[in-house]
Amino acid sequence: MSTKTYQNLIGGEWVAPRSGKTFRNVNPADHRDVVGEFPASQAEDVALAVAAARKAFATWRLVPAPKRAEILYRTGQLLAERKEQYAQQMTREMGKVLAETRGDVQEAIDEAYYVAGEGRRLFGQTTPSELANKFAMSVRMPVGVIGMIAPWNFPMAIPSWKLFPALVAGNTCVIKPAEDTPLSTYNLVQTLMDAGLPPGVVNIVSGFGPEAGAPLVEHPDVRAISFTGSSAVGAMVAQRAAATFKPVSLEMGGKNAMIVMEDANLELALEGALWGAFGTTGQRCTATSRILLHRSIAAEFTEKLVARAAALKVGNGLHPGVEVGPQVNEQQIATSAEYVAIALAEGAKLLTGGKALTEGDYAHGTFFAPTIFGAVRPEMRIAREEVFGPVVALLEFDTLEEAFAIANSIEYGLSTSLYSRDVNRAFAAIRDLEAGITYINAPTIGAEVHLPFGGVKKTGNGHREGLGALDFYTTWKSVYVDFSDRLQRAQIDNAE
Ligand code: UN1
């Protein structure tokens, strides 16, 4: 079977990159399976896409928001019809198991329906003027051309979190999908076009960060950047965007803690720990990567967790019964292996896993065994740094306050979780855990699209996706209408 070559989407046309260069998108469960060739775009391709987005902005901003929203609503309906096909393709390019890629497409459907409703809201404020016969209000205006840089771990959901609110507000977009998972962005944008999105309103330039991402961030006609990825790259994005004073929304790393108290439903906490740590092969920014255990239940919990983790079925996410898919690429495997070495050198105890799986069915993919470290102390790197793989650290504590202190002792602050049946402890956790998200009796993953999504400290720069995204994709205009028919001087004529 010949490999399909995909092109960039610029001004509604599929066009090859100027350089003619492409890169391969392969199946991480079997590298012999090539999903497609995609454009390795460069600055000149980005410039064409930005020009197309700028041109489209002139008309798109004038389409009534409820009409823009209807396109999103239809997009949601079409995605629902195509869910299975897109989930299969996503597993093939990204690796996570089918149940999860169906969930990823579902998240984009949810986002479409949620944001479509915003088309009839986009509320501003009215407020009294300090002067007589004068009317004051604020309205949300679109920002212009938005540049978007998306990660590979939620290849349809995260682009939808960015595109849909930007579109409903009247912006036009240039999106650079992650180089490991461009097809899911193509599928999402194709669906938008099939739902009636006019040409040029969303443009795709695929490629790598330095060649395609950086020119997008630096382009003077791009008015804002939305980025999801690592804190290291996010820092570069923010610095480069600062040169043109672009607002930047950054969603970055996590080192998310689950706290298990002695009064918790331990069976529930075990299930949550397995799902939080090893779901999506640990490749979520929300993944449970630290489990803090009350000393009185630590031994029993650890023994059961290790037994269950060791029994998880790792394999090709398209195959029935597989619970944990591959890691997305060799680099992620290398990072997991590196952190295993670091943890061992620091004196942590390897309880299960700890190595790449390379034999038999695993020979052609990038698989890593679900890995648990015990005897972890809060100051160890394995307790502080993001791995973004199936590697979890177990720590012990004696009091709730100590657990909060350990949970908060890191530089990240995305998601946290407390397992306890004590309502007082639950509310203390909600108040005292330093994170953008706190779960009670649920693991650290599984945010819903209509709540604010984002974190504190090194996880982000204060913006939120979900509820809150419109604040990034709109700019306020304050409007004063004076119907007194005379010059009224604010701060002067109304003062005694
Ligand atoms: C991410 O890992 O970047 O809350 C996003 C969750 C998912 C989204 C994760 N709904 O786990």
- Given Q77 and Y113, is the side chain to side chain contact (heavy atoms under 4.5 Å, CB included) satisfied, shown in steps? CA-CA 9 Å; Q77 289 175 312; Y113 292 153; 3.5 Å; yes
- Item | Summary of salt bridge (Lys or Arg N to Asp or Glu O under 4.0 Å) pairs that have at least one residue in residues 236-257, sequence neighbours excluded | E218-R240
- Query: For T286 and S415, does a side-chain donor sit closer than 3.5 Å to a side-chain acceptor?
  - Reply: no
- Query: What distance do W152 atom CH2 and Q283 atom CD have between them, rounded to the nearest 0.5 Å?
  - Reply: 3.5 Å
- Item | salt bridge (Lys or Arg N to Asp or Glu O under 4.0 Å) contacts touching residues 157-170 (sequence neighbours left out) | K162-E465
- Task: Not counting sequence neighbours, which residues clear salt bridge (charged side-chain N to carboxylate O under 4.0 Å, His left out) with R61? List them please.
- Result: none
- Query: For E70, what residues pass the salt bridge (charged side-chain N to carboxylate O under 4.0 Å, His left out) criterion, not counting sequence neighbours?
  - Reply: K67
- Item | Reported CD1-to-CE distance for the pair I204 and M148, which is rounded to 0.5 angstrom | 12.0 Å
- Query: Could you give all pairs that pass the ring-ring contact (aromatic ring centres under 6.0 Å, His included) test and reach residues 154-173, with sequence neighbours left out?
  - Reply: W161-F453
- Where S336 and P390 come nearest, the two heavy atoms and their spacing: OG-CD, 4.1 Å
- Separation between CG of N187 and OH of Y86, rounded to the nearest 0.5 Å: 4.5 Å
- Query: For residues 39-56, which residue pairs qualify under salt bridge (Lys or Arg N to Asp or Glu O under 4.0 Å), counting only residues two or more places apart or in two chains?
  - Reply: R54-D221
Determine all donor-acceptor pairs shorter than 3.5 Å in which one atom belongs to a side chain in residues 119-126; sequence neighbours excluded.
from	atom 1	to	atom 2	distance (Å)
R121	NE	E118	OE2	3.2
R121	NH2	E118	OE2	3.4
Q125	OE1	S138	OG	2.4

- CA sep, side-chain torsions, deciding dist, call: T185, T181, side chain to side chain contact (heavy atoms under 4.5 Å, CB included): CA-CA 8 Å; T185 295; T181 57; 5.9 Å; no
- Message: Let me confirm one number: the CG-NZ distance from L414 to K458, rounded to the nearest 0.5 Å.
- Response: 14.0 Å
- Query: Under 3.5 Å, is there a donor-acceptor pair linking the side chains of S226 and Y473?
  - Reply: yes
- For E107, which residues count as a salt bridge (charged side-chain N to carboxylate O under 4.0 Å, His left out) partner, sequence neighbours excluded? none
- Message: For residues 227-236, which residue pairs pass the salt bridge (Lys or Arg N to Asp or Glu O under 4.0 Å) check, not counting sequence neighbours?
- Response: none
- Query: Should R308 and E267 be marked as a salt bridge (Lys or Arg N to Asp or Glu O under 4.0 Å) after you check the CA-CA gap, both sets of side-chain angles, and the distance that decides it?
  - Reply: CA-CA 12 Å; R308 291 201 200 179; E267 179 54 32; 2.8 Å; yes
- Query: Does Q85 have any side-chain contact (heavy atoms from CB on, under 4.5 Å) partners at least two apart in sequence or in another chain, and if so, which?
  - Reply: R82, Q89
- Counting only heavy atoms not in Q88, do more than 12 sit closer than 6.0 Å to its CD atom? yes
- Residues in salt bridge (charged side-chain N to carboxylate O under 4.0 Å, His left out) contact with E37, at least two apart in sequence or another chain: R24
- Query: When rounded to the nearest 0.5 angstrom, what is the spacing between CD in Q327 and CD in E330?
  - Reply: 10.0 Å
- For S289 and E386, does a side-chain donor sit closer than 3.5 Å to a side-chain acceptor? no
- Message: Is any side-chain heavy atom of L79 closer than 4.5 Å to one of L188?
- Response: yes
- Crowding at CD, E84 (>12 non-hydrogen neighbours, <6.0 Å): yes
- Between atom CG of L274 and atom OG1 of T288, what is the distance when rounded to the nearest 0.5 Å? 10.0 Å
- Counting only heavy atoms not in F245, do more than 12 fall under 6.0 Å of its CZ? no
- Sorted by chain and number, sequence neighbours left out, side chain to side chain donor-acceptor pair (under 3.5 Å) with Q190 holds for D194
